[in-house]
2 protein chains.
Amino acid sequence: MKVDGGQLLETFRRYLRDHSLPVTHQRLAVAEAIFFSGDHLSAEDIAGQVAKGGAGPVGTATVYRTLELLVGSGLVTEHDFGEGFKRYEPGSSGGEGGGQPHEHCICSSCGAVTEFSNDRLERMIALLAEEVAFRPHHHRLEIYGLCRRCQQSNPLARAR
Amino acid sequence: MKVDGGQLLETFRRYLRDHSLPVTHQRLAVAEAIFFSGDHLSAEDIAGQVAKGGAGPVGTATVYRTLELLVGSGLVTEHDFGEGFKRYEPGSSGGEGGGQPHEHCICSSCGAVTEFSNDRLERMIALLAEEVAFRPHHHRLEIYGLCRRCQQSNPLARAR
DNA sequence: ATGGGTGCAAATCCTTTGCACTCGG
DNA sequence: CCGAGTGCAAAGGATTTGCACCCAT
């Protein structure tokens with residue numbers, strides 16, 4: 001499912017208002033960068049996107065502080081793909097913001113992220129957790145291997 | 001499946017010999033700490049375990065350097081549960097060292113890790129990746145929620 | 001006005017690296 | 001012996017925090 005950036009941005013404004021938090025242009029700039037990227041950006045990527053945008057650059061600290069807000073609001077999901085830093089993506093599986101659970105395939109060669117979702121998988125995961133007396137809340141599934149492009153360009157490559 | 005620490009340790013010695021690497025007591029101490037813990041330890045945990053052991057403490061750098069060896073040999077698996085640091089566990093899904101693919105349930109309340117494995121799940125994951133033209137190599141599934149103990153001690157708690 | 005937000009730089013946290021010294025083979 | 005291993009401390013990268021100043025409300 002595609003998420004509409006503009007709509008998410010509007011929801012964020014409302015979220016801020018509802019929580020009596022100032023709607024600063026820095027916050028909006030950071031939110032926009034994520035909502036309209038459609039990709040999984042790092043904090044640094046986000047700062048870069050914002051800097052390229054019309055409004056001036058935003059301090060690193062502010063980027064992180066805004067990310068905390070966005071993740072807290074459920075409008076943005078935080079991912080840790082084990083690269084030593086986090087990545088952020090619009091939409092959420094848990095929050096009120098919309099989106100739906102989906103999993104990630106991360107290319108070991110070029111880093112590209114492919115997504116997919118499957119109800120049967122989600123159900124099975126929940127079930128298996130319950131079988132070991134665990135009450136699942138949310139989960140992360142990351143598949144590492146080669147994306148289509150890298151399979152073609154390097155057919156013999158072994159995923160790391 | 002239970003892994004025998006002593007056997008893993010022996011395999012590690014052989015691995016070192018086969019690669020013409022010195023078998024130092026520091027390396028063995030670090031390996032032991034992991035092989036006999038049965039838990040998912042952080043680098044710091046490992047250093048602590050080693051320090052408590054008979055032989056003297058081992059420098060942080062050595063712990064990390066040995067971990068690299070162990071992970072490289074396939075005798076130890078590295079995990080990143082998004083806590084900001086890594087954890088290590090004996091056995092491996094990929095290496096020659098044995099073990100088999102299994103997934104983790106991480107308690108959001110107490111941090112305990114429960115494991116399980118399921119063939120059907122493994123197959124489904126591989127299949128779903130291939131459906132989006134991705135060639136899977138390995139994956140990580142982490143389920144966050146409440147472990148049995150924490151469900152009982154706090155029945156109304158909502159997993160974070 | 002005015003309380004929170006922002007930027008900068010200093011501080012943290014985990015992990016890596018440089019280098020002189022020590023030890024296993 | 002000798003090259004690789006070790007410890008210490010300094011360096012690194014991502015993220016957080018303290019504090020004086022600035023801006024939405």
Using modelled atom types only, decide if a donor and an acceptor are shared between the side chain of [X] and the backbone of [Y] within a distance under 3.5 Å.
X        : Y        : value
B:Gln151 : B:Leu146 : yes
A:Asp39  : A:Leu41  : no
A:Gln49  : A:Phe36  : no
B:Arg27  : B:Phe12  : no

Are the charged groups of B:Asp45 and B:Arg87 less than 4.0 angstrom apart, N to O? yes
Tell me, do [X] and [Y] make a side-chain contact under 4.5 Å, heavy atoms counted?
X       : Y       : result
B:Leu70 : B:Ile34 : yes
B:Ile46 : B:Val58 : no
B:Tyr88 : B:Leu67 : yes

In whole angstrom, what separates [X]'s [atom1] from [N]'s [atom2]?
X       : N      : atom1 : atom2 : answer
B:Glu83 : D:dA14 : CD    : C1'   : 16 Å
B:Asp45 : C:dC14 : CG    : P     : 11 Å
B:Arg27 : D:dA4  : CZ    : P     : 11 Å
B:Gln26 : C:dT22 : CD    : P     : 14 Å
B:Asp80 : D:dG13 : CG    : P     : 19 Å

Taking the six-membered ring for Trp and the full ring for Phe, Tyr or His, determine whether the centres of A:His138 and B:Tyr144 are under 6.0 Å apart. yes
Within residues 49-57 of chain B, those residues having any heavy atom closer than 4.0 Å to DNA chain D are B:Pro57
Once rounded to the nearest 0.5 Å, what's the spacing between atom CD of A:Glu78 and atom CD of A:Glu68? 9.5 Å
Restricting both atoms to N or O, compile the protein contacts to nucleotides 20-25 of chain D shorter than 3.5 Å, with distance only.
| unit_1 | atom_1 | unit_2 | atom_2 | d |
| --- | --- | --- | --- | --- |
| D:dT25 | OP1 | A:Val23 | N | 3.3 |

Can you find a side chain N or O atom of A:Thr62 that sits less than 4.0 Å from OP1 or OP2 on C:dG7? yes
Just checking, any donor-acceptor pair under 3.5 angstrom between side chains of A:His104 and A:Glu142? no
Between the protein and nucleotides 15-18 of chain C, are there any N/O to N/O pairs under 3.5 Å, and if so, what are the atom names and distances?
| unit_1 | atom_1 | unit_2 | atom_2 | d |
| --- | --- | --- | --- | --- |
| C:dT15 | OP1 | B:Lys86 | N | 2.9 |
| C:dT15 | OP2 | B:Tyr64 | OH | 2.3 |
| C:dT15 | O5' | B:Tyr64 | OH | 3.2 |

